[in-house]
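Notes to accompany the following structure.
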Amino acid sequence: MSADLAAQIRASLQSQGLPTPSLAWIQSAMPNRNPLPPLPALVATIKTRLLAADLTKPALLELPAPSFPPNLGNPEVQERELDRDIPVQVLDIDNLSKSKWEQVEELEAIARGEQTRGREIIRLPTGNDEEDDGVVSESTPATTGRNAAINANIANAAATSKYATHRLVLQDCKGQKIHGLELRRIERIGIGTLNIGEKMMLKSGTKVARGVVLLEPTTCVILGGKVEAWQKTWVDGRLARLKEAVGADARG
């Protein structure tokens, strides 16, 4: 593949506000096809692979890659602002609007096939419910009622999430980590909607107070993507981490 084609792909990614990958990485990430797909398809493929990559991978980004300034996480500095756009990836997310114990109960209910609406427990259909004849019609009143309850529960959860506040662990291309806190609600940030390994762009002018990045819709751009292995590990271990935190709080 010619360097000109890699440069065109890079320019297209930059115009979309994505981190700038190196030409060498673009060439290594190209699909192994001959002839190659059209340019728009190539850009889409490289974009997907870029958003699924670990930002700390050597030679991924064009040098010098933007990163956190030294001592950004210093809690003794009252306030400062980022002087450049910095791409980061999400390592952890915590809903500060719910106690750890509430989140444990929610996950355990989901594991039992239940969800709640207020104080009412709703049994979620598992797909293998059977009536006397061994078949449940999709149009039966029972099924319709269950679906209405589930849809209402989803709507209630979505409405509640509008007022949630989340804390994130963010990492730059050098592996430096810092906490991010929603100062104003960002719709895409939420457990179940934001992925581990998802990429974000912290824009120039983003405020950092006492070592914490203050996240606002005007300065925090969600780019998408995820690192599959990280996401699976985080989801699989979430209940155990919450229980451990509840136990630590009780002991403290």
Side-chain angles (χ1 to χ4, degrees), residues 51-52 54-55 88-130 136 138 142-171 177-200 212-215 217 220 222-252:
L51 294 178
D54 178 357
L55 287 182
V88 296
Q89 54 195 4
V90 177
L91 297 186
D92 193 18
I93 177 171
D94 187 18
N95 184 352
L96 301 181
S97 303
K98 285 187 177 182
S99 70
K100 297 291 192 298
W101 181 244
E102 285 179 301
Q103 295 178 65
V104 166
E105 289 184 320
E106 185 179 74
L107 286 175
E108 289 181 336
I110 292 172
R112 293 191 301 269
E114 298 172 353
Q115 265 288 15
T116 59
R117 182 178 57 189
R119 295 185 178 182
E120 178 185 1
I121 296 176
I122 303 167
R123 174 67 63 176
L124 302 178
T126 60
N128 57 359
D129 292 342
E130 294 182 352
V136 173
E138 291 185 1
T143 303
T144 302
R146 276 198 303 271
N147 289 341
I150 294 165
N151 290 335
N153 191 58
I154 292 171
N156 288 341
T160 302
S161 70
K162 291 181 180 179
Y163 305 100
T165 299
H166 298 88
R167 179 176 58 199
L168 312 180
V169 176
L170 305 173
Q171 183 183 49
K177 300 174 186 177
I178 194 170
H179 280 105
L181 180 69
E182 279 184 298
L183 184 63
R184 292 174 53 205
R185 186 74 183 95
I186 299 174
E187 187 175 349
R188 279 279 287 108
I189 294 181
I191 294 174
T193 57
L194 190 72
N195 296 307
I196 304 304
E198 189 150 355
K199 308 303 184 287
M200 301 166 57
V212 176
V213 177
L214 303 181
L215 304 174
C220 174
I222 311 295
L223 301 175
K226 65 178 173 181
V227 178
E228 289 285 355
W230 298 357
Q231 173 75 4
K232 184 179 187 307
T233 299
W234 187 89
V235 170
D236 291 348
R238 183 173 173 231
L239 181 57
R241 291 194 305 273
L242 287 170
K243 285 184 174 180
E244 182 180 352
V246 169
D249 290 343
R251 291 189 298 271

Checklist entry - What's the verdict on side chain to side chain contact (heavy atoms under 4.5 Å, CB included) for V104 and L239, showing C-alpha distance, side-chain angles and the deciding distance? => result CA-CA 6 Å; V104 166; L239 181 57; 4.1 Å; yes
Checklist entry - With E228, which residues qualify under side-chain hydrogen bond (donor to acceptor under 3.5 Å, both in side chains), at least two apart? => result none
Checklist entry - Which atom names give the shortest non-hydrogen contact between I191 and Q103, and what distance separates them? => result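 Answer, listing the atom of I191 first, then Q103: CD1-OE1, 3.9 Å.
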Item to check | Residue pair G224 / E198: nearest heavy atoms and the distance that separates them | outcome: CA-OE2, 3.3 Å
How long is the span from the [atom1] atom in [X] to the [atom2] atom in [Y], to the nearest 0.5 Å?
X: M200; Y: L170; atom1: CE; atom2: CG; result: 5.5 Å
X: W101; Y: K243; atom1: CH2; atom2: NZ; result: 7.5 Å
X: D236; Y: Q231; atom1: CG; atom2: CD; result: 9.5 Å
X: L91; Y: I196; atom1: CG; atom2: CD1; result: 7.5 Å
X: D54; Y: Q171; atom1: CG; atom2: CD; result: 6.5 Å

Item to check | Sole candidate of H179, K100, H166 that passes side-chain contact (heavy atoms from CB on, under 4.5 Å) when paired with D94 | outcome: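 One option only clears the test, and that one is K100.
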Next on the checklist: One pair to check against side chain to side chain contact (heavy atoms under 4.5 Å, CB included): W234 and I93. What are the steps and the verdict?
Outcome noted: CA-CA 10 Å; W234 187 89; I93 177 171; 3.6 Å; yes
Checklist entry - Do E105 and K98 meet the salt-bridge criterion of a basic N to acidic O distance under 4.0 Å? => result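 No salt bridge links K98 with E105.
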Next on the checklist: Assess the residue pair L194 and L168 against the criterion (side chain to side chain contact (heavy atoms under 4.5 Å, CB included)); give the C-alpha distance rounded to whole Å, side-chain angles, the decisive distance to 0.1 Å, and a yes or no.
Outcome noted: CA-CA 10 Å; L194 190 72; L168 312 180; 4.0 Å; yes
Checklist outcome for this item: Residue set satisfying side-chain contact (heavy atoms from CB on, under 4.5 Å) with T193, at least two apart, ordered chain then number -> R188
Checklist entry - Quick one: side-chain contact (heavy atoms from CB on, under 4.5 Å) partners of L181, sequence neighbours excluded? => result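 Residues passing side-chain contact (heavy atoms from CB on, under 4.5 Å) with L181: L96, T165, R167, V212.
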Item to check | Main-chain N/O of L51 paired to K199 side chain as donor or acceptor, under 3.5 Å | outcome: yes
